Amino acid sequence: MKKIGVLTSGGDAPGMNAVIRAVTRSAIAKGMEVVGVLRGYNGLISGDIIPLTVRSVSDIIQRGGTMLYTARCAEFRYEEGLQKAKHTCIENGIEGIVVVGGDGSFRGAADLSARGILCVGVPGTIDNDISMTEYTIGYDTAMNTAMEMVDKLRDTAQSHDRCSIVEVMGRNAGYIALNTGIACGATYIITQEEPYTMQDVIAKIQNARASGKHHFIIVVAEGIGNSEQIAKQIEQATGVESRATILGHVQRGGSPTVRDRIVASQLGYYAVDLLSKGIGNRVVGIQNNQVVDYDIQKALKMTKEFEHELYRIANEISF
Ligand code: F6P
């Protein structure tokens, strides 16, 4: 393979820049040319591509966001969009593409691979909701950001003897909620993966109160939502003043952590390694601390166990 592209797609995640850097540098080291495709699959359809050199990816490993911009692309779900993308690749001599994103982006990568442009997916999303990998790039940074925010909320909750209900991102997955909750000593963690009732939540607060606790943190996963409603119910039932905070997009920004930079560098490198061997339609990920790769269709059908044991521990030690 003589020339490859790299693009970031879907929601941005800290560490995407580190992937772009690793892809560019390792491809150039193997004698390939590299281009960056702007704004995800949109750039492939419109031909919005830029050359990447060893120096154009300098000074980005520590930056959040993505230097290539990102977007979700509805047109790419249709044959016409796919054909335009294929045409751009052929016209520019692009034989393979590294796609950094989530499951939606991998579907596009499979469709393009089936049309002769080999793609390798790299899991980049703060949600950690990709089944074929234990870890997605951006997850660690997002959890650390959420943890810092919850620590700050605890200060004010403590000062006012309040209950702070904090909603964290994760789409339909509760990984950020569970891990942030345990790291912040939340009194209750509400996720879609674990059954709960408001009576359980209220009873937990009341029991803790009876043992002398004055302030409470309740972490709520985005998929549950209703944080304002939950706050009202808690206040009514317990008499503890309650405030809801939705952390939102702050969780997507910031300088990537050590873990995100390292995993991004490893997976970017391996993605290029596969392409250089003429292998596409794969997704790379991490299983048991090892880099693995799977056929994209197979990866999309895999399922992931929630961390039930960690949830049980969190529940047992928060009172
Ligand atoms: O997938 C990352 C994520 O931040 C989710 O946690 C959230 O549900 C979604 O993206 C928000 O998307 P948008 O940036 O389009 O509002």
Side-chain angles (χ1 to χ4, degrees), residues 7-20 38-43 63-77 99-109 121-150 165-181 183-184 189-194 219-228 230 244-257 259-260 263-264 267 283 285 299-300 302-304 306-307:
L7 64 83
T8 49
S9 165
D12 63 344
M16 280 183 162
N17 278 325
V19 182
I20 297 165
L38 302 184
R39 297 180 177 81
Y41 292 117
N42 291 304
R63 293 184 202 281
T66 160
M67 68 167 282
L68 295 177
Y69 307 93
T70 185
R72 300 188 174 96
C73 178
E75 214 184 328
F76 209 66
R77 291 192 209 121
V99 173
V100 193
D103 277 347
S105 313
F106 297 158
R107 269 180 214 109
V122 173
T125 165
I126 63 163
D127 302 334
N128 200 31
D129 61 350
I130 298 177
S131 299
M132 59 76 60
T133 184
E134 283 161 5
Y135 186 79
T136 62
I137 295 156
Y139 176 48
D140 190 53
T141 308
M143 284 191 296
N144 277 286
T145 302
M147 184 187 72
E148 275 177 40
M149 300 294 134
V150 178
I165 291 87
V166 194
E167 185 176 316
V168 298
M169 275 189 168
R171 204 177 289 276
N172 295 312
Y175 298 102
I176 298 179
L178 168 58
N179 287 275
T180 304
C184 294
I189 303 164
I190 308 179
T191 70
Q192 284 179 306
E193 290 89 346
E194 300 288 345
V219 174
V220 179
E222 178 186 6
I224 297 281
N226 286 328
S227 301
E228 290 287 352
I230 292 172
T245 307
I246 300 174
L247 289 188
H249 287 80
V250 68
Q251 295 160 99
R252 288 243 295 264
S255 181
T257 58
R259 183 160 190 209
D260 278 325
V263 176
L267 296 185
V283 194
L300 289 172
M302 289 167 84
T303 52
K304 190 165 176 171
F306 192 60
E307 297 158 297

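Treat the numbers as computed from the prediction; the structure is a model and nothing was measured. All ligand and atom numbering here is 1-based and tracks the order in the structure.
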I'd like a table of the close N/O pairs between ligand 1 and the protein (anything under 3.5 Å), one pair per line with both atom names and the distance.
{"unit_1": "ligand 1", "atom_1": "1 (O)", "unit_2": "Asp127", "atom_2": "OD2", "d": "2.6"}
{"unit_1": "ligand 1", "atom_1": "1 (O)", "unit_2": "Arg171", "atom_2": "NH2", "d": "3.3"}
{"unit_1": "ligand 1", "atom_1": "4 (O)", "unit_2": "Arg252", "atom_2": "NH1", "d": "2.7"}
{"unit_1": "ligand 1", "atom_1": "6 (O)", "unit_2": "Asp127", "atom_2": "OD1", "d": "2.7"}
{"unit_1": "ligand 1", "atom_1": "6 (O)", "unit_2": "Gly170", "atom_2": "N", "d": "3.1"}
{"unit_1": "ligand 1", "atom_1": "6 (O)", "unit_2": "Arg171", "atom_2": "N", "d": "3.4"}
{"unit_1": "ligand 1", "atom_1": "6 (O)", "unit_2": "Glu222", "atom_2": "OE1", "d": "3.4"}
{"unit_1": "ligand 1", "atom_1": "8 (O)", "unit_2": "Glu222", "atom_2": "OE1", "d": "2.9"}
{"unit_1": "ligand 1", "atom_1": "8 (O)", "unit_2": "Glu222", "atom_2": "OE2", "d": "2.7"}
{"unit_1": "ligand 1", "atom_1": "10 (O)", "unit_2": "Arg171", "atom_2": "NH2", "d": "3.4"}
{"unit_1": "ligand 1", "atom_1": "10 (O)", "unit_2": "Arg252", "atom_2": "NH1", "d": "3.1"}
{"unit_1": "ligand 1", "atom_1": "14 (O)", "unit_2": "His249", "atom_2": "NE2", "d": "2.9"}
{"unit_1": "ligand 1", "atom_1": "14 (O)", "unit_2": "Arg252", "atom_2": "NH1", "d": "3.0"}
{"unit_1": "ligand 1", "atom_1": "14 (O)", "unit_2": "Arg252", "atom_2": "NH2", "d": "3.0"}
{"unit_1": "ligand 1", "atom_1": "15 (O)", "unit_2": "Arg72", "atom_2": "NH1", "d": "2.6"}
{"unit_1": "ligand 1", "atom_1": "16 (O)", "unit_2": "His249", "atom_2": "NE2", "d": "3.1"}

Between Asp260 and Tyr135: side-chain donor-acceptor atoms closer than 3.5 Å: yes
State whether the side chain of Thr66 and the backbone N or O of Leu68 hold a donor-acceptor pair below 3.5 Å, judged by distance alone. yes
Taking OH in Tyr69 as the centre, count heavy atoms belonging to other residues, nucleotides or ligands within less than 6.0 Å. Is the count above 12? no
So does Gly285 get a backbone contact from the side chain of Thr133, meaning a donor-acceptor N/O pair under 3.5 Å? no
Could you verify whether a donor N or O on one side chain and an acceptor N or O on the other, from Asn226 and Glu167, lie under 3.5 Å apart? no
Any donor-acceptor pair under 3.5 Å linking the side chain of Lys304 with the backbone of Ile130? yes
